[in-house]
Amino acid sequence: MSLTIYGEQLSSRLLIGSALYPSPQVMKQAILASESQVVTLSLKRQNPNEQAGQQIWQYLQEIVSQTNGYLLPNTAGCKTAKEAVTLAKMSREIFQTNWIKLEVIGDDYNLQPDPIELLSAAEQLINDGFKVLPYCTDDLVLCQRLYDLGCQVIMPWASPIGTGKGLMNPYNLETIRLRLPEATLILDAGIGKPSDACLAMEMGYDGVLLNSAVALADNPVMMAKAFAQALKAGEQGYVAGVMEQRQTAHPSTPILDTPFWHQN
């Protein structure tokens, strides 16, 4: 099944970042190996108009061309709604896209998003025609408010960004999925290993966005392939329907004359 983001259908449910790789060449190889069609980048950290960012920008253009994919600029590093809105407008002009991953950080220790500034920025950007993908905590009320504003895609964290701690609050994430059945939910930040991504998909999430888990792996290209496979397995498990957990044990070997569990 495909992933739909603001009307655009994607064959992959994995979104991947372009930072922290040991080299631009490894970045390109890993992103292609991930099969992702959406690549995030930060104008603050990878400005194509500056000499340092030109090589990375060239590789990103090649990746998007090969995958028929999309660039997803983000507002990483912004701490106020005003700053995020300004950077989003600059990104739209440079990268020629209305898509924006909205980040407004409220705390430097765990890089937790500021919910008040995030809501303010999201409202302003939506009114200006942006397709906003907000990065937020696993707070149900905040996710509901963002969705009510018009954010068709919501991206709650699994755990603080860059920690690799995985899904710290599965209950919160499951509740968001249950209460926002029509929203496109993409788990963003804190993923550490492929099994984390698989678990998110088994919960019914629509996709996963990650960066550090691939870029900081000993072998980023191999890890990217592992994540691609993990998302497919998790999605198939969700669609197939996971069996209900039981309090007591049940024999898997059928009793005499009942070879099939569902036989009348």
Side-chain angles (χ1 to χ4, degrees), residues 1-18 27-41 60-74 92 95-102 122 126 129-136 143 146-147 150-158 167 173-174 176-191 193-211 213-214 221 223-242:
M1 297 176 65
S2 61
L3 168 65
T4 301
I5 295 182
Y6 285 105
E8 300 294 337
Q9 288 195 334
L10 308 170
S11 59
S12 171
R13 293 181 177 272
L14 178 61
L15 292 71
I16 195 166
S18 56
M27 175 197 72
K28 179 180 178 181
Q29 293 171 12
I31 293 175
L32 291 176
S34 75
E35 302 178 15
S36 175
Q37 290 179 278
V38 178
V39 182
T40 68
L41 73 163
L60 289 175
Q61 288 178 310
E62 293 173 1
I63 292 167
V64 170
S65 176
Q66 290 184 40
T67 62
N68 293 320
Y70 300 83
L71 289 174
L72 177 58
N74 65 47
R92 178 168 62 181
F95 301 118
Q96 297 297 300
T97 177
N98 283 329
W99 285 15
I100 191 73
K101 178 187 174 185
L102 179 60
I126 289 171
F130 279 89
K131 310 299 184 183
V132 180
L133 293 82
Y135 161 60
C136 59
C143 290
L146 288 165
Y147 187 66
C151 296
Q152 297 179 17
V153 180
I154 311 293
M155 303 201 298
W157 71 4
L167 282 62
L173 296 172
E174 290 176 338
I176 293 169
R177 177 70 287 175
L178 178 65
R179 295 297 302 276
L180 296 176
E182 302 300 322
T184 297
L185 296 180
I186 297 175
L187 198 66
D188 181 11
I191 293 293
K193 53 188 183 296
S195 57
D196 296 332
C198 184
L199 180 58
M201 299 303 294
E202 288 176 349
M203 287 182 175
Y205 273 67
D206 298 289
V208 171
L209 192 157
L210 54 84
N211 188 168
V214 169
V221 177
M223 186 61 75
K225 292 179 181 178
F227 270 105
Q229 295 168 0
L231 263 74
K232 291 176 183 177
E235 179 191 10
Q236 290 173 1
Y238 176 73
V239 173
V242 179

**OP:** Would you mind telling me which of Val208, Leu231, Ile16, Leu210 makes a side chain to side chain contact (heavy atoms under 4.5 Å, CB included) with Ser36?
**Re:** Ile16
If you measure from [atom1] on [X] to [atom2] on [Y], what distance do you get to the nearest 0.5 Å?
X	Y	atom1	atom2	result
Tyr147	Ile176	OH	CD1	14.0 Å
Glu182	Gln152	CD	CD	11.5 Å
Asn74	Ile100	CG	CD1	7.0 Å
Phe130	Cys151	CZ	SG	12.5 Å
Ile154	Cys143	CD1	SG	6.0 Å
Leu14	Ile186	CG	CD1	10.0 Å

Compare all side-chain heavy atoms of [X] with those of [Y] and state whether any distance is below 4.5 angstrom.
X	Y	answer
Cys136	Leu146	yes
Gln229	Pro194	no
Thr184	Leu3	yes
Asn98	Arg92	yes
Ser2	Ser11	no

**OP:** For Glu62, enumerate each residue passing the salt bridge (Lys or Arg N to Asp or Glu O under 4.0 Å) test, keeping only those at least two apart in sequence or located in another chain.
**Re:** Lys28
Using side chain to side chain contact (heavy atoms under 4.5 Å, CB included) as the criterion, list what pairs up with [X], not counting sequence neighbours.
X	value
Asp188	Lys101, Tyr135, Met155, Leu209
Thr97	Pro73, Phe95, Trp99
Glu35	Ala228, Lys232
Ala158	Leu167, Leu187, Ile191

Show the nearest heavy-atom pair for residues [X] and [Y], with the distance to one decimal.
X	Y	value
Met223	Ala213	CG-O, 3.5 Å
Ser34	Ser12	O-OG, 4.4 Å
Val153	Pro134	O-CD, 3.0 Å
Ile31	Gly17	CD1-O, 4.1 Å

Original post:
Quick check: are there more than 12 heavy atoms from other residues, nucleotides or ligands sitting under 6.0 Å from OH of Tyr238?
Top reply: no
Original post:
Are any side-chain N or O atoms of Tyr205 and backbone N or O atoms of Leu173, one a donor and one an acceptor, separated by less than 3.5 Å?
Top reply: yes
Taking distance alone, no hydrogens or angles, what donor-acceptor pairs closer than 3.5 Å link side-chain atoms of residues 64-72 to residues at least two apart or in another chain?
{"residue": "Thr67", "atom": "OG1", "partner": "Ile63", "partner atom": "O", "Å": "2.9"}
{"residue": "Thr67", "atom": "OG1", "partner": "Gly69", "partner atom": "N", "Å": "3.3"}
{"residue": "Tyr70", "atom": "OH", "partner": "Glu8", "partner atom": "OE1", "Å": "2.8"}

Subject >> Pairs flagged by salt bridge (charged side-chain N to carboxylate O under 4.0 Å, His left out) wherever residues 201-210 is involved - sequence neighbours left out >> reply: Arg177-Asp206
